[in-house]
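Here is how names work: the chains are called A, B, and so on, in the same order as the sequence lines, proteins then strands, and each is numbered from 1. Everything quoted here is computed from the prediction, not taken from an experiment.
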2 protein chains.
Amino acid sequence: MVTANPSTSVALDGNPYNQGCPTRRILDRIGDRWTVLVVGALGDDTARFSELKRRVEGISQKMLTQTLREMERDGLVIRTVFAQVPVKVEYRLTDAGISLRAPLKALEDWSIEHLGAVLTAQQFYDQE
Amino acid sequence: MVTANPSTSVALDGNPYNQGCPTRRILDRIGDRWTVLVVGALGDDTARFSELKRRVEGISQKMLTQTLREMERDGLVIRTVFAQVPVKVEYRLTDAGISLRAPLKALEDWSIEHLGAVLTAQQFYDQE
DNA sequence: CAGTATCCTTGTGGATACTG
DNA sequence: CAGTATCCACAAGGATACTG
């Protein structure tokens, strides 16, 4: 994300609130619903396409393919094809992908810690 | 997000990959493009609506209003209306909102740190 | 098995106009 | 100033069918 004061976050092209800011673009990519879940579903081990599809409940074949392609393009995932019939394809996180797990874990921890408060706040807000 | 092994993350309703998982719902909320930027734009100080609109480049009035309402509902932001003409409205992060800054900062740091590698990976991937 | 291709529905969000 | 209301365009994403 972005810090309180623009001047404290001068990375790469000035204003981080700027639409073209690279950090913002990256966050748009890794911040999407499915990428976050796929990183979690992969963890440290390798997994096949169908296994991933099973783990990430609710993802469609199309979105899983698309998400994995983008992650591969970003260097977050390695795709290995085994030339056999039927084809077998394994995915695993790269070092960069693995390094993403820590900040995402921090977010997950925040969610778990604040879930109760958020739900309470919502109920209070809604009953008015 | 979600950990490598489902069994290590049994918070609140079992499988975190589950579509109904509260953690997943929360992440959907705070993970969206504008919430992240508004948290950053608010920082520690209060800001008026128009000031926020100026800080978060590219946000429309509609989305800023909508984002602030949802954040208020979630207990992340406090909205204070000053009954004067013309009206003045101030926003500031609650303690919960402030606590969100740390994990989001971790993600921002990751982005800055890996930006170069990601861009390089993309170029390499695309030239094939 | 692991996709690709196509269609089609839906949601997201921008632009604009109006108001307490 | 800080919104609300309305309309509209586009893109994300699901369902389905087909393939190396």
Side-chain angles (χ1 to χ4, degrees), chain A residues 17-20 24-38 41-42 45-74 77-93 125-126 128, chain B residues 17-20 24-25 27-38 41-42 45-74 77-93 125 128:
Chain A
Y17 306 98
N18 187 301
Q19 305 187 55
R24 194 155 150 178
R25 282 214 307 275
I26 298 244
L27 286 175
D28 279 352
R29 269 289 307 113
I30 63 174
D32 84 290
R33 174 193 193 79
W34 298 122
T35 297
V36 167
L37 292 170
V38 168
L42 267 173
D45 38 77
T46 70
R48 303 183 57 171
F49 185 87
S50 46
E51 174 59 19
L52 281 175
K53 183 152 182 348
R54 236 170 293 125
R55 287 191 195 169
V56 183
E57 189 174 322
I59 195 169
S60 66
Q61 189 174 44
K62 175 182 174 180
M63 288 317 294
L64 181 54
T65 301
Q66 189 173 305
T67 302
L68 286 168
R69 285 291 180 285
E70 279 165 354
M71 289 174 71
E72 190 191 359
R73 176 169 182 263
D74 291 343
V77 136
I78 296 177
R79 177 174 179 267
T80 310
V81 182
F82 295 86
Q84 56 188 47
V85 182
V87 170
K88 171 179 166 184
V89 180
E90 278 187 350
Y91 293 90
R92 80 154 44 234
L93 291 179
Y125 184 95
D126 290 341
E128 288 167 10
Chain B
Y17 306 99
N18 186 301
Q19 305 187 54
R24 195 155 147 177
R25 283 215 307 274
L27 286 175
D28 280 354
R29 269 290 307 116
I30 64 174
D32 84 290
R33 176 191 191 80
W34 297 122
T35 298
V36 167
L37 291 170
V38 168
L42 266 174
D45 37 75
T46 70
R48 303 183 57 169
F49 184 86
S50 47
E51 174 60 18
L52 282 176
K53 185 155 183 344
R54 237 171 292 125
R55 287 192 195 168
V56 183
E57 190 174 323
I59 196 169
S60 65
Q61 189 175 42
K62 176 183 174 181
M63 288 317 296
L64 182 53
T65 300
Q66 190 172 306
T67 302
L68 287 169
R69 284 294 180 285
E70 278 165 355
M71 290 175 72
E72 189 192 1
R73 177 169 181 262
D74 290 345
V77 136
I78 296 178
R79 177 172 179 268
T80 310
V81 182
F82 295 86
Q84 55 187 47
V85 183
V87 170
K88 171 180 168 185
V89 180
E90 278 187 351
Y91 293 92
R92 82 154 42 234
L93 291 180
Y125 184 94
E128 287 170 10

Close N or O pairs between protein and nucleotides 11-14 of chain C (under 3.5 Å):
| from | atom 1 | to | atom 2 | distance (Å) |
| --- | --- | --- | --- | --- |
| C:dG13 | N7 | B:K62 | NZ | 3.0 |
| C:dG14 | OP2 | B:S60 | OG | 2.7 |
| C:dG14 | O6 | B:K62 | NZ | 2.4 |

Per-residue pairing states of DNA chain D in dot-bracket (Watson-Crick or G-U under 3.5 Å; . unpaired, | other strand) read ||||||||||||||||||||
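Of the candidate nucleotides D:dC1, C:dG3, D:dG3, D:dC1 has the atom nearest to the side chain of B:V87. Comparing atom distances between the B:R69 side chain and each of D:dT4, D:dG20, D:dA2 picks out D:dT4 as nearest.
In this structure, A:Q84 reaches neither bases nor backbone, as no heavy-atom distance under 4.0 Å exists between it and the strands shown. Counting non-hydrogen atoms under 4.0 angstrom, A:F82 reaches nothing in the nucleic acid.
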Can I get a per-line list of side-chain donor-acceptor pairs under 3.5 Å for residues 58-66 of chain A, giving both atom names and the distance, sequence neighbours left out?
| from | atom 1 | to | atom 2 | distance (Å) |
| --- | --- | --- | --- | --- |
| A:S60 | OG | A:M63 | N | 3.2 |
| A:T65 | OG1 | A:Q61 | O | 2.9 |

Less than 3.5 Å apart, which donor and acceptor atoms pair up between the side chains of residues 78-89 of chain B and the rest of the protein, not counting sequence neighbours?
| from | atom 1 | to | atom 2 | distance (Å) |
| --- | --- | --- | --- | --- |
| B:R79 | NE | B:Y91 | OH | 3.3 |

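For the pair A:F49 CZ and C:dC1 C1', the interatomic distance rounds to 9 Å; values are reported in whole Å. Regarding B:L52, its CG atom lies at a distance of 14 Å from the P atom of D:dC1, rounded to whole Å.
A distance of 6.0 Å separates CG in A:L68 from CG in A:L52, rounded to the nearest 0.5 Å.
Residue A:R48 places at least one side-chain N or O under 4.0 Å from the OP1 or OP2 atom of C:dA2. Side-chain N/O atoms of A:R79 include one lying less than 4.0 angstrom from OP1 or OP2 on C:dG3.
Residues satisfying the side chain to side chain donor-acceptor pair (under 3.5 Å) criterion with B:R92, sequence neighbours excluded, are absent altogether. Remark: A:R54 pairs with A:E51 by the side chain to side chain donor-acceptor pair (under 3.5 Å) rule, at least two apart or across chains. In this view, B:D32 and B:R29, B:W34, B:T35 satisfy the side-chain contact (heavy atoms from CB on, under 4.5 Å) rule, not counting sequence neighbours. For A:E90, there are no side chain to side chain donor-acceptor pair (under 3.5 Å) partners, not counting sequence neighbours.
Between B:P86 and A:K88, the residue anchored nearer the 5' end of DNA chain C, judged by the nucleotide with its closest heavy atom, is A:K88.
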